[in-house]
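Following: one structure in structure tokens, then a few remarks.
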Amino acid sequence: MAQAPDVAAAWCRWDVTPKEAVAVQRQVAAAIERTDRFAALRTVAGVDVAYGVRGRGGIARAAAVLLDLTTLSVLAESVVQMPATFPYVPGLLTFREAPAAIAAIDGLPMRPDLLICDGQGIAHPRRCGVASHLGLALDLPSIGAAKSRLCGTHLDPPAEPGGWTPLLDGDEMIGACLRTRAATRPLFISIGHRVSLATAVALVLHCSKGRRLPEPTRLADRLSKHPKRPESR
DNA sequence: GCGACAG
DNA sequence: ATCTTGTCGC
């Protein structure tokens, strides 16, 4: 009855080869929860990663911004920097960004109640985008809010903010093509982990105060590219 | 074989 | 993602 020593959750392994990464994703996808399962949501964190510090490549700088979900005021920020090992491969983005992203989130003074990522959730070939993977790895409700499509088909959503059309992969709805702001390209919202699509859309709209990107992600994106105290040079 | 392809 | 100037529009 001796139990395996390295039962290290498959979804917490980042030092893998591209082929192993695909195997990990299949495990993660099976553990993702697509319905609402969370207590009170008081805070939300946005995370994003930027690369190539001062022209050089190979460095990942991740930023996490914690906001009050009601007022959307900033409560805390965290920035970390480390070498980027895994290359960018469509479908395997998580393995390139996760180490830095997790470090940035761990750097926040408290765990957020919800996580919004700059990328897909289950709107992924294997239903395992970065938002879903991070949500499971950190055991946090999460939402994927990508600026462009990875897979699936859709019709152009209504022009008014709040309008959306289903993102489909065959007959399966994997996300929503959402107009968060008039006259701008729509966002691709999808379930990350423990948050239904309907709730995800509502939360993203709540966080998108007249802007194309929801505040958590917008601020994290800005911070990762322009750190206040240059972690750059 | 020929495209498509989160960040 | 990143490399880059000016420019159109609210």
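Just so it is clear: chains get the letters A, B, ... in the order the sequence lines come, proteins before strands, and each one is counted from 1. Side chains are part of it too, since the values below use all heavy atoms of this structure and drop only hydrogens, waters and symmetry mates.
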**Message:** Could you check whether any side-chain heavy atom of A/Val79 comes within less than 4.5 Å of a side-chain heavy atom of A/Arg61, counting everything from C-beta outward?
**Reply:** yes

**Asked** Just checking A/Ala50: base, sugar-phosphate only, or nothing, at a heavy-atom cut-off of under 4.0 Å?
**Response** sugar-phosphate

**Asked** Base, sugar-phosphate, or nothing for A/Leu92, non-hydrogen atoms under 4.0 angstrom?
**Response** base

**Asked** When the ring centroid of A/Trp14 is compared with that of A/His133, is the distance short of 6.0 Å?
**Response** yes

**Item:** A/Arg96 CZ - B/dA6 P separation (whole Å)
**Value:** 13 Å

**Asked** Nearest-Å distance, CD (A/Gln120) to P (C/dA1)?
**Response** 13 Å

**Prompt:** A/Lys147 side chain N/O closer than 4.0 Å to the phosphate oxygens (OP1, OP2) of B/dA6?
**Reply:** no

**Asked** Where does DNA chain C pair, written as one dot-bracket string 5' to 3', with Watson-Crick or G-U pairs under 3.5 Å, ( ) inside the strand, [ ] for crossing pairs and | for another strand?
**Response** ..........

**Asked** Within the stacking criterion (centroid distance below 5.5 Å, interplanar angle below 30°), does A/Tyr88 stack on B/dG7?
**Response** yes

**Request:** Name all stems that contain residues of DNA chain B, defined as runs of 3 or more consecutive Watson-Crick or G-U wobble pairs, both distances under 3.5 Å.
**Result:** none

**Prompt:** Contact class for A/Gly144 vs. all strands (heavy atom < 4.0 Å): base, sugar-phosphate, or nothing?
**Reply:** nothing

**Asked** How far apart are the C-alpha atoms of A/Val44 and A/Leu203, what are their side-chain angles, what is the distance that settles it, and do they pass the side-chain contact (heavy atoms from CB on, under 4.5 Å) test?
**Response** CA-CA 10 Å; A/Val44 55; A/Leu203 286 170; over 6 Å; no

Extract all donor-acceptor atom pairs below 3.5 Å that involve side chains of residues 93-107 of chain A and protein atoms in other chains or at least two apart in sequence.
unit_1, atom_1, unit_2, atom_2, d
A/Thr94, OG1, A/Val130, N, 3.3
A/Arg96, NH1, A/Phe86, O, 3.0
A/Glu97, OE2, A/Tyr51, OH, 3.2

**Prompt:** So do A/Glu77 and A/Lys228 actually touch side chain to side chain, heavy atoms under 4.5 Å?
**Reply:** yes

**Message:** Which nucleotide wins on minimum distance to the side chain of A/Lys225, given the candidates B/dG7, B/dA6, C/dA1?
**Reply:** C/dA1

**Prompt:** Touch check for A/Val130, heavy atoms < 4.0 angstrom, all strands: base, sugar-phosphate only, or nothing?
**Reply:** base

**Request:** Kindly determine whether A/Arg218 and A/Asp48 satisfy salt bridge (charged side-chain N to carboxylate O under 4.0 Å, His left out), including the steps that lead there.
**Result:** CA-CA 9 Å; A/Arg218 190 181 71 81; A/Asp48 193 28; over 6 Å; no

**Asked** If only side-chain N and O atoms of A/Arg149 are considered, is one of them under 4.0 Å from the OP1 or OP2 phosphate oxygen of B/dA6?
**Response** no

**Request:** Check whether the side chains of A/Ser196 and A/Asp36 place a donor and an acceptor atom closer than 3.5 Å, and report yes or no.
**Result:** yes

**Prompt:** Does A/Tyr51 make a side-chain N or O approach to OP1 or OP2 of B/dG7 shorter than 4.0 Å?
**Reply:** no

**Asked** Looking across every strand, which nucleic acid part, if any, lies under 4.0 Å from A/Glu97 by heavy atom: base, sugar-phosphate, or nothing?
**Response** sugar-phosphate

**Request:** Can you tell me the distance, in whole Å, between the CZ atom of A/Arg212 and the P atom of C/dC10?
**Result:** 19 Å

**Message:** Is the phosphate of B/dC5 approached by A/Ser148 (side-chain N or O, under 4.0 Å from OP1 or OP2)?
**Reply:** no

